[in-house]
Protein chains: 2
Amino acid sequence: MAEKLQDSYLAAHDQLYRTLRMRIMYGEMRPGQAITLRGVAKEFGVSVTPVREALKRLAAEGALSISVSGRFQTPALTNDRIEELAALRALIEVELATRALPRAHMALVERLQTINNAISVAVAKADAVTYIRTNLEFHRTLYLRAQAPAMLATVETVWLQMGPTMRALYGRLQRKDPPIHHRLILAALKAGDEPGLRVAVRADVTQGLRMLAR
Amino acid sequence: MAEKLQDSYLAAHDQLYRTLRMRIMYGEMRPGQAITLRGVAKEFGVSVTPVREALKRLAAEGALSISVSGRFQTPALTNDRIEELAALRALIEVELATRALPRAHMALVERLQTINNAISVAVAKADAVTYIRTNLEFHRTLYLRAQAPAMLATVETVWLQMGPTMRALYGRLQRKDPPIHHRLILAALKAGDEPGLRVAVRADVTQGLRMLAR
DNA sequence: GTGGTCCAAATGTGATCACAAATGCATATG
DNA sequence: CATATGCATTTGTGATCACATTTGGACCAC
């Protein structure tokens, strides 16, 4: 099976998948950017076989779209699709936060605050990729406490689909302030305030949507 | 690209994907059943290359699980995982039904009633596969009216993951009656009763869960 | 200049092969 | 009879090749 001795070793197609997935989810690619089998194969020094698997997998998750002739590119989402994905985020993430709440102890809140500081730094530097990555890390860290792997996987797929678009939106946004809703989330977690937490998460998730609908 | 002239032609790996996906979603395979590249390749008269793509794609969607040594098999879900997937169904399908409600005219209700009759026939014959397929067709027909393709795709992925388990559950269930909740859904659609529709959909989706938790 | 034609390069697809690891069963051993 | 050993088979992975289609642009006609 071409696997080496160490457990940490990953098959080539899996390594490719993870690397490309991060690039897409964290906004390192523009919407509509083309990807070719031989281009990726050359960049990573492998043949087209593992690249095909990685790209097909990403396409199956909606991270890439396939043209009628089989070409791969990052998706350029319509406004309707963005609204739908944001609604999905709201539905699932509110549930995940609710399930995490009874397990959210002080140590978790402190970790979230640390991540939030990193988000503020990224905002100050206008570093879009770091902003997106740390922002998603904030959410993922909270939701991991929900002990709901299927829900988390589903919402990560949604994040993946929105990656390139979020990057493009960030450029238009010109953020200057650290995320206000994250503070509301942290306050609700500390207070054990479930209704407040649900409102705060929903607001945070749908916040970026409003500036789009102008 | 090895495609023929007609638009209806599909690439081999896509044809494989759709066929296997239907087998899994509609409960034609038992939980834990093994699938091999060469076995599928031989059955369909193709090489392993397109089979690999189809199986990897199904695995990416959670329809198949991969052992540490790379073997494919249908997933055997834990009770926790089943509860989680049912909760996901409830979240998303209630939203889809709500979005479909204002567009649900009489013609749609009549189509749903026709499908419901087919479900009753399948129940009477104790035909598990037909029951699962027509039951999902009932839901899909309603949700198509919601004009929310991303949500529909997400919930179909959940159905896919539950396929083999639903079949196993059906064997234990020994259904004798046509689905009572579907009648409640139809009544709520006719009356334009959104709260009633939400309750009915949620009950229908989580119904099968209770007999599992015994 | 505009639109059409043709051809070379680029691209995805599927088959085949070599390889390494895992599997499973027969055989041996206590 | 139970357990361990060894070996042939099975299995997934990745590289390579041939092929058909698509793409892009140069070239030409009007």
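Below, read A as the first sequence line, B as the second, and so on, with proteins coming before strands; counting in each chain starts at 1.
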(request) Report the residues that fulfil side chain to side chain donor-acceptor pair (under 3.5 Å) with B:Arg198, sequence neighbours left out, ordered by chain and then residue number. (result)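 By the side chain to side chain donor-acceptor pair (under 3.5 Å) rule, B:Arg198 matches B:Thr98.
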
Among [options], find the nucleotide with the atom closest to the side chain of [X].
| X | options | result |
| --- | --- | --- |
| B:Thr36 | C:dG14, C:dG12, D:dG12 | D:dG12 |
| B:Ser47 | D:dT23, C:dT16, D:dA15 | C:dT16 |
| A:Arg38 | D:dA18, D:dT13, D:dA15 | D:dA18 |
| A:Arg71 | D:dA18, D:dT23, D:dG14 | D:dT23 |
| B:Ala12 | C:dT23, D:dG14, C:dG14 | C:dG14 |
| A:Phe72 | C:dG14, D:dT13, C:dG12 | C:dG12 |
| B:Arg52 | D:dT13, C:dA15, C:dG12 | D:dT13 |

(request) Carefully, step by step, assess B:His13 and B:Tyr17 under the rule ring pair (Phe, Tyr, Trp, His ring centres under 6.0 Å). (result) CA-CA 6 Å; B:His13 66 89; B:Tyr17 167 77; 8.8 Å; no

When the distance from [atom1] of [X] to [atom2] of [N] is rounded to whole Å, what number comes out?
| X | N | atom1 | atom2 | answer |
| --- | --- | --- | --- | --- |
| A:Leu37 | C:dG12 | CG | C1' | 6 Å |
| A:Leu16 | D:dA15 | CG | C1' | 14 Å |
| A:Lys42 | C:dT11 | NZ | P | 11 Å |
| B:Glu53 | D:dG12 | CD | C1' | 15 Å |
| B:Arg57 | C:dT13 | CZ | P | 11 Å |
| B:Leu58 | D:dG12 | CG | P | 14 Å |
| A:Tyr17 | D:dT13 | OH | C1' | 19 Å |

(message) Under 4.0 Å between a side-chain nitrogen and a carboxylate oxygen: does that hold for B:Arg21 and B:Glu156?
(response) yes

(message) For A:Arg99, is there an ion pair with A:Glu93 - N to carboxylate O distance below 4.0 angstrom?
(response) no

(request) Report which part of the nucleic acid B:Ile35 touches: base, sugar-phosphate, or nothing (heavy-atom distance under 4.0 Å, all strands). (result)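 The residue B:Ile35 makes sugar-phosphate contact but no base contact.
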
(request) Remember a base hit wins even if backbone is also touched, and classify A:Val48 as base, sugar-phosphate or nothing at under 4.0 Å, heavy atoms. (result) base

Short side-chain N/O contact from [X] to OP1 or OP2 of [N], under 4.0 Å:
| X | N | value |
| --- | --- | --- |
| B:Thr49 | C:dG14 | no |
| B:Lys56 | D:dT13 | yes |
| A:Ser69 | C:dG12 | no |

(request) Find out whether B:Leu112 and B:Leu189 are in side-chain contact, i.e. whether some heavy atom of one side chain is under 4.5 Å from a heavy atom of the other. (result)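 Touching, per the 4.5 Å side-chain cut-off.
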
